[in-house]
Amino acid sequence: MASLDIFLFSLSRTFCTPFAVYIQIQGCFICLTLALGWALASYVRNREIKQMKDAMKKGNSLSFLCHDINELEHSYQANLPRVTVVMPLKGFGEHNLHNWRSQITSLYGGPIEFLFVVESTEDPAYRAVSRLISEFEDDVDVKVIVAGLSTTCSQKIHNQLVGVEKMHKESKYVLFLDDDVRIHPGSIGALTREMEKNPEIFIQTGYPLDLPSGSLGSYCIYEYHMPCSMGFATGGRTFFLWGGCMMMHSDDFRQDRYGVVSGLKDGGYSDDMTLAAIAGAHKRLITSPPVAVFPHPLASDLNFGRYWNYLRKQTFVLESYTTTVNWVMNRALFGVHCYLSWGFVAPFFMAMIHLVAAFRFYSLGYSLEEVTYTPAGLSLVSFLAICTLVELLSMWNLTRIEVQLCNMLSPEAPQLSLAAYNWCLVFIALLVDNFLYPLSAIKSHFSQSINWSGIWYYLKDGKIIKIERTERGKDMTPVFTDLGGKHLYGKKGIPAKGSFISSLSRTLAQWHQPKKFDN
């Protein structure tokens, strides 16, 4: 017997010791826990689908806007509060026009304004959104604002705060949307309706449904977001917050209530983590309605390097904090997430050793009954395979339901399809993402710096202390953003002439986004 075979069999035997068995059973438990969480999230999303179908059976063909058709009466719509939508922009990419159109063609019946905020006129997004605005200016209250460069916080937060300063004085609510969010015609109305029902709500949020482009990097991002999605599919109260969609009371910013403005402006790096910490410190309510799930198309050329950059930014947020309690919670999240990530991956490595050892035993002419530890290892492999299958089925089911829900909420948009998902790549992404997460988190912890869209941010005591826009910031990063593949430099943001966007006063065809802008 070769020395390599001896080592392999010894390793397989080691993986049958009590501690190794515990690690493998723990991995199975993690799979089943994720499956249960996704099953509960599926129940919440599916309940909304059933309510919409029931409303349609009762004659409400516009149930994708609201369940109660009486809310579409003019007398009700005339009393809706004013909303300001603030969209911080950076760069211009393949999906931006489609996303921006879905935002400004919302069928919210009350007074509403849209503020696109860029850091400078040199940003490719400026010319692209200016062209778009020129085609809607007679029908929609929409404008582009140049915020200038941030000096004390991240550029995104700076753009958001400038947008808040410029919002209408009578706006009751402000809605922050990322430029890669594709909302539904009734999304703004649904969020506003919940705010009106419960004035105690501090922030309303939602979550994206990633649409992988086919690359492993895009599937890693989809897999990264899926465990978090169960925290947003509660149908009500949640402790999670996604910066891509946040509706808040405008007066909270006007009066700097709970320190929302000062907390963001004074060294803030992550808008959602900062506001979630403020909500927790002041025991304020965060909710996520079941209809707040938004298609999030990923760039067609999203490579593995850009996925790694995105993961670095996500783990880096754990290094920012506002209070000691917030720091403790971030450290706890850091440790638990790293432990569970490698706790998920380790059993699959052990299972591979068990399978290879069993194959070598068989190829050398041994029967499995001759060696006691190999059958034990194969039993663990079988149990892990079953648990993994249950996990993937639960993930598939939630994705299926969210695809169906998004199609129902945007009936005039191109329909999403579950057939585009490659579940072999999803499984590989599960292993790759969970293996890399601790490495990214450790790197973020020791570096205390990050390059975000060509800007270097340096942290100390959880806050930004230095911002660099030097040659280093531009040369050491790609000219594309991570997820949307947006051009960050140059004059790439000019859309083609001859756009056939129609005015809002026309039919629901405005919701149907032409495919030429989606490819």
Which residues pass the ring pair (Phe, Tyr, Trp, His ring centres under 6.0 Å) test with Phe240, not counting sequence neighbours? Phe232
What residues form a salt bridge (charged side-chain N to carboxylate O under 4.0 Å, His left out) with Lys283, not counting sequence neighbours? none
Whether Thr287 side chain and Gln204 backbone form a donor-acceptor pair below 3.5 Å: no
For the side chain of Thr192 and the backbone of Gly189, is there at least one donor-acceptor N/O pair under 3.5 Å apart? no
Would you mind reporting whether Asn198 and Leu285 have side-chain heavy atoms less than 4.5 Å apart? yes
Is it the case that more than 12 heavy atoms not belonging to Trp308 sit under 6.0 Å from its CH2 atom? yes
Can you tell me how the ring of Trp100 sits relative to the ring of Phe92, calling it parallel under 30°, perpendicular over 60° and tilted otherwise? tilted
Rounded to the nearest 0.5 Å, how far does CD1 of Ile203 lie from CE of Met195? 9.0 Å
Any side-chain heavy atom of Asn99 sitting closer than 4.5 Å to one from Asp179? no
By side-chain contact (heavy atoms from CB on, under 4.5 Å), Gln255 pairs with (sequence neighbours left out) Asp251, Arg257
Can you name the side-chain contact (heavy atoms from CB on, under 4.5 Å) partners of Asn330, sequence neighbours left out? Met273, Leu318, Tyr321, Asn326
What pairs with Phe304 under side-chain contact (heavy atoms from CB on, under 4.5 Å), at least two apart in sequence or on another chain? Leu216, Cys220, Tyr307, Val432, Leu436
Any residue meeting ring pair (Phe, Tyr, Trp, His ring centres under 6.0 Å) with Phe427, in chain and number order, not counting sequence neighbours: Phe348
Val164 versus Met248: any side-chain heavy-atom pair under 4.5 Å? no
For the student: nearest non-hydrogen atoms of Glu223 and Asn434, plus distance: OE2-ND2, 3.5 Å
Side chain to side chain, Phe202 and Val260, heavy atoms closer than 4.5 Å: yes
For Tyr173 and Leu191, what are the C-alpha separation, side-chain angles and deciding distance, and is it a side-chain contact (heavy atoms from CB on, under 4.5 Å)? CA-CA 10 Å; Tyr173 303 113; Leu191 293 170; over 6 Å; no
In short, salt bridge (Lys or Arg N to Asp or Glu O under 4.0 Å) pairs touching residues 332-345 with sequence neighbours left out are none
For residues Val85 and Leu115, determine if any side-chain heavy atom of one lies less than 4.5 Å from a side-chain heavy atom of the other. no
When the ring planes of Trp456 and Tyr458 are compared, do they come out parallel, tilted or perpendicular, using 30° and 60° as the limits? parallel
Identify the two heavy atoms, one from Lys169 and one from Arg254, that lie closest to each other, and give their separation to 0.1 Å. O-NH2, 3.2 Å
Evaluate the criterion ring pair (Phe, Tyr, Trp, His ring centres under 6.0 Å) for residue pair Tyr269 and Trp452; output intermediate values, then yes/no. CA-CA 10 Å; Tyr269 167 75; Trp452 184 2; 5.4 Å; yes
If you take all heavy atoms of Ile201 and His249, which pair is closest and at what distance? O-NE2, 2.9 Å
Classify the ring geometry of Trp242 against Tyr207: parallel below 30°, tilted from 30° to 60°, perpendicular beyond 60°. perpendicular
Do the non-hydrogen side-chain atoms of Thr274 and Thr322 ever get within less than 4.5 Å of each other? yes
Minimum heavy-atom distance between His184 and Val293, given as atom pair plus value: NE2-O, 2.8 Å
Excluding sequence neighbours, so at least two apart, what forms side-chain contact (heavy atoms from CB on, under 4.5 Å) with Ser42? Asn397, Leu398, Ile401
Got a second to check how far Leu409's CG is from Glu48's CD, nearest 0.5 Å? 7.0 Å
So if I apply the side chain to side chain donor-acceptor pair (under 3.5 Å) rule between Ser444 and each of Gln314, Arg312, Glu319, Lys313, which one comes out positive? Arg312
Do you know the tightest heavy-atom contact between Gly244 and Val181? O-CG2, 3.4 Å
Taking every heavy atom of Ile221 against every heavy atom of Asp210, the minimum-distance pair comes out as O-OD2, 3.4 Å
The criterion is salt bridge (charged side-chain N to carboxylate O under 4.0 Å, His left out); which residues satisfy it with Lys463, sequence neighbours excluded? none
Taking atom types as modelled, find out whether Ser171 and Ser250 have a side-chain donor-acceptor pair closer than 3.5 angstrom. no
Would you indicate whether Tyr224, at its atom OH, is surrounded by more than 12 heavy atoms from other residues, nucleotides or ligands within a distance under 6.0 Å? yes
Mind checking whether His296 and His225 have parallel, tilted or perpendicular rings, split at 30° and 60°? tilted
How long is the span from the CE atom in Met246 to the CZ atom in Phe176, to the nearest 0.5 Å? 6.0 Å
With a 4.5 Å cut-off on side-chain heavy atoms, are Ile133 and Phe114 touching? no
Can you check whether Tyr437's main-chain N or O pairs, donor with acceptor, with Ser440's side chain at less than 3.5 Å? no
Kindly say whether Ser213 contributes a backbone atom to a donor-acceptor pair with the side chain of Ser218 at under 3.5 angstrom? yes
With sequence neighbours left out, what residues match Glu200 under salt bridge (charged side-chain N to carboxylate O under 4.0 Å, His left out)? Arg284
Output yes when a side-chain donor or acceptor of Ser341 lies under 3.5 Å from a complementary backbone atom of Cys338, and no otherwise. no
Rounded to the nearest 0.5 Å, how far does CG of Leu405 lie from OG of Ser410? 9.5 Å
Separation between CE (Met247) and OG1 (Thr84), nearest 0.5 Å, reads 9.5 Å
Name the orientation class of the two ring planes belonging to Phe334 and His445 (parallel below 30°, tilted from 30 to 60°, perpendicular beyond 60°). tilted
Quick one: does Glu113's side chain get under 4.5 Å of Met167's, heavy atoms only? yes
Only pairs at least two apart or in different chains count here, so list each salt bridge (Lys or Arg N to Asp or Glu O under 4.0 Å) that has a residue in residues 429-446. none
Hey, could you give me the CG/OH distance between Leu425 and Tyr219, rounded to the nearest 0.5 Å? 6.0 Å
Just grab all the side-chain hydrogen bond (donor to acceptor under 3.5 Å, both in side chains) pairs involving residues 155-165, residues at least two apart or on different chains. Ser150-Gln155, Gln155-Asn159, Gln155-Arg469, Lys156-Asp178, Lys156-Asp271, Gln160-Asp271
Walk me through it: do Met87 and Phe116 pass the test side-chain contact (heavy atoms from CB on, under 4.5 Å)? CA-CA 5 Å; Met87 291 155 286; Phe116 290 96; 3.6 Å; yes
For Arg82 and Gly110, indicate whether the former's side chain and the latter's backbone hold a donor-acceptor pair under 3.5 Å. no
Test log, rule side-chain contact (heavy atoms from CB on, under 4.5 Å), inputs Arg193 and Glu71: CA-CA 10 Å; Arg193 188 159 50 246; Glu71 294 182 4; 3.1 Å; yes
Would you say that more than 12 heavy atoms from the other residues, nucleotides or ligands in this model lie under 6.0 Å from the CE of Met329, or not? no
